[in-house]
Structure formats: structure tokens, C-alpha cells
Amino acid sequence: MINILIGIPVLNNIEITRACLQHLYRNTETDRLGLNVSVLIIDNGSEIEIEHVLKNEFKEKSLPVYFLRNPQNAGVAVAWNQILKFFPGQRNGKPFYYDYYVISNNDALFGSDWLQPLVEAMENDKTIGWISTMENGSPVLSELIEAHSLSKKYRVDPKKPYTTQVINKGLDLIYAKWGGHEAFCRLVKSKPLPLFVPFRKEGRSAVCFMVRPAMIEQVGLFDEDYAPIGISEDLEYFLRIERILTPPWLTSDRYPEEAKWKNGFCSKSIVHHNWCSTHQGPKFDGRKWDKMREKNWQAKFGKSKKYFTALLP
């Protein structure tokens with residue numbers, strides 16, 4: 001039995017989160033690999049406690065859900081680390097309870113049988129440390145790029161009221177030319193791509209990804225500096241994996257250049273990303289936060305994110 005934890009940080013956006021969980025429960029298949037899957041919702045200081053709203057809707061025993069609430073927004077890095085540190089009961093002396101961890105945005109809508117291919121890739125290659133699902137916009141297939149273009153037309157507007165039904169209707173409109181999102185997922189899976197596709201430059205994704213505990217134990221947890229705004233934690237971690245940016249404790253003896261962890265996409269795992277819909281809602285100023293992240297990044301590393309991104313392979 002392989003134990004998997006799917007962690008989803010949430011800050012308000014109840015309707016987005018409800019749609020996310022609907023697709024998660026509908027499309028998370030486990031039988032082929034004998035997976036034991038649990039879900040953890042990190043309520044990162046929402047105005048209304050997410051557990052009170054959603055707990056009774058999602059309580060299937062086959063996919064148990066846990067809730068953890070922070071009294072205020074602690075930032076994405078803190079929430080991601082809470083997922084990695086989560087134990088459903090008492091600690092047993094092990095640094096990690098689960099065999100693999102999935103961390104997902106709450107604006108991701110999971111495609112059919114999305115989870116098992118991630119595990120298969122990890123099981124087939126023990127040097128993979130981070131593997132992301134493919135989504136609309138992933139620079140791997142022209143169909144994904146086209147779907148991203150359509151997403152701009154039909155996505156929900158986070159500045160206007162919307163319901164879960166509106167989100168799901170938008171999904172139908174985006175993928176109508178392919179016969180729906182499920183048919184689109186089958187089409188993408190039929191493409192002759194290797195199961196694991198290495199990241200290239202700016203194509204990296206942290207919308208929905210699986211990490212190996214052995215990598216986290218070696219390379220470290222996510223950087224929590226400047227919370228809650230942060231420093232673009234996913235980019236910093238990719239640079240750390242590639243040994244482009246390393247904290248002083250991550251020496252070459254601990255993490256040799258020749259033994260770097262692989263990171264990339266899983267070609268048989270697809271989600272839809274409701275891009276720009278995962279934040280606090282209509283009052284959220286994304287541009288202001290992006291500027292603050294860049295300011296925090298330069299204060300910590302001395303040069304822009306763009307400079308370091310250019311150094312990625």
C-alpha cells in the first residue's frame with residue numbers, strides 16, 4: 001500500500017475550492033496501484049472557516065479529508081510545509097508519514113485518473129524528486145497551449161461573484177472543441193510522450209505537483225522568509241534543486257552536483273488550471289503582491305527573479 005497525501009491550501013474562494021474537490025473526488029483513481037489517499041485542506045486564515053462549509057460535502061471514507069486552520073494568512077510556503085509535516089495521528093519518529101505528497105492549488109480541476117501516473121513515474125525512477133501535472137498552458141503540446149488561450153476567454157472573473165456551477169460551465173466551454181475535458185485528457189494521454197518530461201526554462205509548474213520525501217529531507221523545506229507575501233517559493237526551490245541557489249547548509253557534500261534530483265512534467269496526468277483565481281477574491285491585488293515578491297526576492301538574493309530564471313537549464 002502506497003500512502004499519498006494531497007494537500008490544498010485555501011484562502012477564501014469557497015466556490016473554487018468546492019469545484020476543485022468535486023473533480024478531485026470524481027477523478028482520483030487508486031485501484032490499479034493500490035493507493036491509500038488522504039486529503040488535507042489548509043485553511044490559511046479564511047474569513048469563514050472552510051471546514052464548517054465543506055466538511056459534510058466531502059466525507060467519503062475512500063478519500064478521508066482533514067482540515068487544518070491557520071488563524072491568519074501564513075503564506076503559501078508555510079502552508080506547503082504544513083502539508084509536508086502533517087501526521088494524521090501521533091508522530092512515530094519518522095520525518096514524514098506519507099510515501100508521496102501532492103500539493104495543489106485550489107483552482108486546479110483534476111482530469112481523469114490524474115494521480116496514478118504521477119506515482120508510476122516516481123516508482124519507475126527513484127531520482128525524480130518533483131513531478132508536476134500538465135495543465136492548460138504547459139509548453140509541451142500545442143493542444144495545451146490552445147486550451148490556455150481559450151481559458152483566457154472563458155475563465156471566471158475573480159472580481160465578480162460566481163458559483164461552482166459557473167466554474168464547471170466554463171470548463172465545458174473551454175474544452176468543447178475536443179468533446180469536453182475528459183476527452184481532452186484522453187487525447188493528451190494518447191500522445192507519444194515519455195511518462196516523465198523534464199522541465200525546460202520557464203515551463204516549470206507548481207500548480208499541482210508531487211514531491212518525494214527523500215528530496216525534501218535532503219534539499220529542505222520551502223523557504224518561509226517574508227511571509228505571507230513570500231519570495232516566489234516555487235522558483236527558489238527549483239533553483240535549489242538545480243544547485244543554482246543554495247543555502248549555506250546545503251553543501252556539496254550533502255547535495256552533490258552529480259546527484260541532483262530530476263524535476264519535470266508527467267505526460268499522463270492532466271489538470272485544468274483556473275489561472276488567477278486562487279487568491280483571496282475580489283479585493284486581492286495580485287499585481288501589488290507580485291511587486292512585493294520581487295522586492296523581497298531582490299532583498300534576499302541581490303538580483304531579480306528574471307536573472308536567476310535565465311540560469312535554469
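- Judged by distance alone, the side chain of Gln116 and the main-chain N or O of Arg32 form a donor-acceptor pair under 3.5 Å.
- Scored by the ring-ring contact (aromatic ring centres under 6.0 Å, His included) test, Phe301 finds Trp297 as partners (sequence neighbours excluded).
- We find that Glu236 and Lys300 are not joined by a salt bridge, their nearest charged nitrogen and carboxylate oxygen being 4.0 Å or further apart.
- Electrostatic pairing of Arg69 and Glu51 does not count as a salt bridge here, judged by no charged N lying under 4.0 Å from a carboxylate O.
- With hydrogens and angles disregarded, a donor-acceptor distance shorter than 3.5 Å links the side chain of Asn296 to the backbone of Gly230.
- Between the side chains of Glu143 and Trp178, no donor N or O sits under 3.5 Å from an acceptor N or O.
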Intermediate values then yes/no, side chain to side chain contact (heavy atoms under 4.5 Å, CB included), Gln22 and Asn168
CA-CA 10 Å; Gln22 285 177 354; Asn168 287 324; 3.3 Å; yes

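- For Ser38, the side chain to side chain contact (heavy atoms under 4.5 Å, CB included) criterion is met by Leu5, Pro64, Tyr66, Tyr98, not counting sequence neighbours.
- Residues satisfying the side chain to side chain contact (heavy atoms under 4.5 Å, CB included) test with Ala74, not counting sequence neighbours, are Asn44, Asn70, Val78.
- Leu109 is listed as a side-chain neighbour of Ile167, based on a closest heavy-atom distance under 4.5 Å.
- Cluster membership check: Ile216 shares its hydrophobic cluster with Tyr101, using side-chain heavy-atom separations under 4.5 Å among Ile, Leu, Val, Met, Phe, Trp and Tyr.
- Identified under the ring-ring contact (aromatic ring centres under 6.0 Å, His included) test for residues 13-50, with sequence neighbours left out: Tyr25-Phe58.
- Judged by distance alone, the side chain of Arg243 and the main-chain N or O of Lys260 form no donor-acceptor pair under 3.5 Å.
- Met1 approaches Asp99 most closely through the heavy-atom pair O-OD2, 4.0 Å.
- Counting heavy atoms of neighbouring residues, nucleotides and ligands inside a 6.0 Å radius, atom CG of Asn124 exceeds 12 of them.
- Closest approach of Leu21 and Leu54 over heavy atoms only: CD1-CD1, 4.1 Å.
- Checked against side-chain hydrogen bond (donor to acceptor under 3.5 Å, both in side chains), Ser112 has no partners two or more places apart in sequence or in another chain.
- By the side-chain hydrogen bond (donor to acceptor under 3.5 Å, both in side chains) test, Glu29 is found to be paired with no residue, residues two or more places apart in sequence or in another chain being considered.
- In the displayed structure, Glu182 atom CD is contacted under 6.0 Å by at most 12 heavy atoms of other residues, nucleotides or ligands.
- The side-chain hydrogen bond (donor to acceptor under 3.5 Å, both in side chains) search around Arg254 returns none, not counting sequence neighbours.
- Glu242 and Asn263 are linked by a side-chain donor-acceptor pair at a separation below 3.5 angstrom, with hydrogens and angles left out of the test.
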Do Leu144 and Glu135 pass the side chain to side chain contact (heavy atoms under 4.5 Å, CB included) test, and can you show the C-alpha distance, the side-chain angles, and the key distance before you say yes or no?
CA-CA 7 Å; Leu144 294 168; Glu135 77 246 15; over 6 Å; no

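- Counting non-hydrogen atoms of neighbouring residues, nucleotides and ligands closer than 6.0 angstrom, the OH atom of Tyr307 reaches no more than 12 such neighbours.
- Between the CD1 atom of Ile231 and the CD atom of Gln298 there is a distance of 12.5 Å, given to the nearest 0.5 Å.
- Residues Val65 and Lys55 are not in side-chain contact: their nearest non-hydrogen atoms beyond the backbone lie 4.5 Å or more apart.
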Phe209/Trp80 under ring-ring contact (aromatic ring centres under 6.0 Å, His included): CA gap, chis, key distance, verdict
CA-CA 11 Å; Phe209 59 95; Trp80 286 0; 5.4 Å; yes

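- Inspection of the Glu15 and Thr164 side chains reveals an N or O donor paired with an N or O acceptor under 3.5 Å.
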Atom pairs and distances, side-chain donor-acceptor, residues 145-154, under 3.5 Å, sequence neighbours left out:
unit_1	atom_1	unit_2	atom_2	d
Glu146	OE2	Lys177	NZ	2.8
Ser151	OG	Asn136	ND2	3.0
Ser151	OG	Ala147	O	2.7

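- Annotation: side chain of Ser132 is not in contact with side chain of Val207 (no heavy-atom distance under 4.5 Å).
- Between the side chain of Asn12 and the backbone N or O of Glu47, at least one donor-acceptor pair lies under 3.5 Å.
- Considering only heavy atoms from C-beta on, Arg204 stays 4.5 Å or farther from Asp234 through its side chain.
- The shortest side-chain heavy-atom distance between Ser269 and Phe110 does not fall under the 4.5 Å cut-off.
- A salt bridge is absent between Arg240 and Asp223: the closest approach of a Lys/Arg side-chain nitrogen to an acidic carboxylate oxygen does not fall below 4.0 angstrom.
- Residues Val140 and Lys191 form no side-chain contact, since every pair of their non-hydrogen atoms from C-beta on lies 4.5 Å or further apart.
- Between Asp290 and Arg293 there is a salt bridge, since a side-chain N of the basic residue sits under 4.0 Å from a carboxylate O of the acidic one.
- A ring-ring contact (aromatic ring centres under 6.0 Å, His included) check over residues 223-246, counting only residues at least two apart or in different chains, returns the pairs Trp130-Phe238, Phe199-Phe238, Phe222-Tyr237.
- Linking ILVMFWY side-chain heavy atoms closer than 4.5 Å, directly or via other members, places Phe86 and Leu221 in a single hydrophobic cluster.
- Scored by the side chain to side chain contact (heavy atoms under 4.5 Å, CB included) test, Thr30 finds Thr28, Leu35, Val37 as partners (sequence neighbours excluded).
- Enclosure of atom NZ in Lys306 is not indicated, since only 12 or fewer non-hydrogen atoms of other residues, nucleotides or ligands lie within 6.0 angstrom.
- Take Thr133 and apply the side-chain hydrogen bond (donor to acceptor under 3.5 Å, both in side chains) test, not counting sequence neighbours, and it matches no residue.
- With sequence neighbours excluded, the residues that form a side chain to side chain contact (heavy atoms under 4.5 Å, CB included) with Asp125 are Thr127, Ile128, Lys262.
- The only member of Val102, Val211, Leu118 that meets side chain to side chain contact (heavy atoms under 4.5 Å, CB included) when paired with Ile131 is Leu118.
- A 4.5 Å side-chain heavy-atom check between Ser252 and Glu257 finds every atom pair outside the cut-off.
- For the residue pair Trp289 and Ile229, the shortest heavy atom distance occurs at CZ3-CA, 3.6 Å.
- If you look at Phe184 and His272, their ring centroids are not closer than 6.0 Å.
- Between Asn105 and Cys208 the shortest side-chain heavy-atom distance does not fall below 4.5 Å.
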